[in-house]
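For reference, the structure discussed in these notes is given below.
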There are 2 protein chains.
Amino acid sequence: MNFSVSEENYIKCIYHLQQDTGMVNTNALAAEMQTKAASVTDMLKKLSSKKILQYEKYHGFKLTDNGRKVALSVVRKHRLWEYFLVEKLGFEWDKVHDIAEELEHISSNELIERLQQFLGNPSFDPHGDPIPDSNGKIPKLNQVNLATLQLNKTAVVSSVANQSPQMLEMLKHYSIRIGSSIKLLKRFEFDGSLEIKVGKQASCIISEPIAKNLFVHYE
Amino acid sequence: MNFSVSEENYIKCIYHLQQDTGMVNTNALAAEMQTKAASVTDMLKKLSSKKILQYEKYHGFKLTDNGRKVALSVVRKHRLWEYFLVEKLGFEWDKVHDIAEELEHISSNELIERLQQFLGNPSFDPHGDPIPDSNGKIPKLNQVNLATLQLNKTAVVSSVANQSPQMLEMLKHYSIRIGSSIKLLKRFEFDGSLEIKVGKQASCIISEPIAKNLFVHYE
DNA sequence: TTTTATTTTTAGATTTGTCTAAAATTTATT
DNA sequence: AATAAATTTTAGACAAATCTAAAAATAAAA
Ligand SMILES: [Mn+2]
Ligand SMILES: [Mn+2]
Ligand SMILES: [Mn+2]
Ligand SMILES: [Mn+2]
């Protein structure tokens, strides 16, 4: 079946919301989609009639198996394009989201399969988010918040929660990237800030808010 | 100013039509856009009010300077994406048009500038059509139809008029590509077929219809 | 358990892009 | 010049996606 740009954006958005909250409600979706609740209800009816949603009036909704499949294919395209934009075209990671938001709706399947190959079958996008494969399987990574890392352990940065330009600026300053190895040297009681060693650089101190935005995995 | 996908498709189509015929008429545009004359009239009014067209009721229309600028930017994007699809993703040239028809509407200017650089600033797309630069300037090539080439002259294939899979199959058989050098050895009176030498291969004979679809330039 | 507040849905309009059928205009033919 | 044919435009309708304002249903508070 074929979906409009608008439908695909709704489906993807519902997918992301239900990752957190299980069943999704109208107002939350309206807020996330930057539209009005009435518009959401209209779309819910439509997606429901297309068997994308399990939808009970007044009682929330969630994706069907097929709906989740559609969502994952859009997510896959989004993240592969983001990878392309950063790795091949040299964009900064905080500039790619809006462009990928358009590119994810290009319909050709062969295009996305070839793109994936051309990129070397990446598993994670520039923000560290996993890229579903063509069957909708998502690579998993046992990641843990940097703020909760054990003392004197070394781990590798795997993703960043806040992907704003402000965060990017901060991380650039510390030369922290996805893939950087970080060793936790000391945790300061006073404000929760951490002394860390990034790669082979001299140790430095990062604030708790920064640490909480960074996820790492072992080995 | 911003244009919808539909508007951009119309503008580009008008541009191509007026290359041949000067002033464009409603029915021709409807045929090319695979739609109805009434729909075209509606769009003409809209584009006219946006100063994209000089439009006189019942008397045809053509693009304004600004309209031509918009058209060229869409053509530019179309051809750069086609180049990407063939040269980077390994598509055959007869498979790329429809995909580029979607990709040409991605709006980011920075994207297209970076894409151009990434591709090495190509001047011609996989079909041999010129790629306008960011100012709308079009590279020119003094090309001539292969059927009219002088005897015993060597020239380089620069573009192909008919870009169908059938034509591609034919050209593959003869190992003729854009950039192939061709020497005209003999012209047969009977049916206009030509004996040619492609690169360093043994000479072969091509039919007049094939020859008429191939354009070449000297040196 | 009423009453109040919040959430969600419906009703009715609007915009964009399309269509068919009919009217208007131009072009071609007698 | 009058008539026929072709082209183009208008009139009116429709589907998709959105909106505002009002009604209906549910949840929370008194
Ligand atoms: Mn999108
Ligand atoms: Mn991402
Ligand atoms: Mn297009
Ligand atoms: Mn082309």
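Each chain gets a letter, A, B and so on, in the order its sequence line appears, and its residues count up from 1. A quick note: this is a predicted structure, and the numbers were derived from the prediction, not measured.
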Apply side-chain hydrogen bond (donor to acceptor under 3.5 Å, both in side chains) to residues His97(A) and Glu101(A) and explain how you reach the verdict.
CA-CA 6 Å; His97(A) 183 82; Glu101(A) 202 56 50; 3.2 Å; yes

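Distances were taken from every side-chain heavy atom of Lys36(A) (C-beta onward) to each of dC19(D), dT26(D), dT9(D); the shortest belongs to dC19(D). Distances were taken from every side-chain heavy atom of Thr26(A) (C-beta onward) to each of dC19(D), dT9(D), dT9(C); the shortest belongs to dT9(C).
Straight-line distance from the CD atom of Glu56(B) to the C1' atom of dT7(D): 16 Å, rounded to whole Å. Atom pair Met43(B):CE and dT9(D):P shows a separation of 14 Å (rounding to whole Å applied). Asp42(B) places its CG atom 13 Å from the C1' atom of dC14(D), with the value rounded to the nearest Å. Rounded to whole angstrom, the span from the OH atom of Tyr58(A) across to the P atom of dA24(D) amounts to 9 Å. Going from atom CD of Glu8(A) over to atom P of dA16(D) covers 16 Å, rounded to whole Å. dT8(C) atom P lies 14 Å from atom CG of Leu53(A), rounded to whole Å. Between the C1' atom of dA16(D) and the CG atom of Leu44(A) lies a distance of 16 Å, rounded to the nearest Å. Summarising the geometry, the separation between CZ on Phe61(A) and C1' on dT9(C) is reported as 13 Å, rounded to the nearest angstrom.
Taking side-chain N and O atoms only, Lys57(A) has no distance below 4.0 Å to OP1 or OP2 of dT26(D). Considering only side-chain N and O atoms, Ser4(A) lies nowhere under 4.0 angstrom from the phosphate OP1 or OP2 of dA16(D). Using a 4.0 Å cut-off, no side-chain N or O of Lys45(B) falls inside it from OP1 or OP2 of dT9(D). Between Ser6(A) and dA16(D) there is no side-chain N or O to OP1 or OP2 distance below 4.0 Å.
The pair Lys50(B)-Glu7(B) meets the salt-bridge criterion, since a charged nitrogen lies less than 4.0 angstrom from a carboxylate oxygen. By the 4.0 Å N-to-carboxylate-O rule, Glu56(B) lies too far from Lys62(B) to be salt-bridged with it. For Glu82(A) and Lys95(A), the salt-bridge test fails: no basic side-chain N is under 4.0 Å from an acidic carboxylate O.
Both the sub-6.0 Å distance and the 45° axial angle are satisfied by Lys88(B) relative to the ring of Phe118(B). Phe91(A) carries Arg114(B) over the face of its six-membered ring, with the cationic atom under 6.0 Å from the centre and within 45° of the normal.
In this structure, Asn25(A) reaches the sugar-phosphate backbone alone: every heavy-atom distance under 4.0 Å involves primed, P, OP1 or OP2 atoms, never a base. In this structure, Tyr55(B) reaches the sugar-phosphate backbone alone: every heavy-atom distance under 4.0 Å involves primed, P, OP1 or OP2 atoms, never a base. Base contact: Thr41(A) has a heavy atom under 4.0 Å from a base atom.
Ring centers of Phe84(B) and Phe84(A): under 6.0 Å apart, within the cut-off.
For the pair Tyr10(A) and His59(A), both in contact range of DNA chain D, the more 5′-proximal nearest nucleotide belongs to Tyr10(A). Each of Ser39(A) and Ala38(B) lies near DNA chain D, and the nucleotide nearest Ala38(B) is the one positioned closer to the 5' end.
If you check residues 27-34 of chain B against DNA chain C, you find no residue with a heavy atom closer than 4.0 Å.
Between Ile131(A) and Ser123(A) the shortest side-chain heavy-atom distance does not fall below 4.5 Å.
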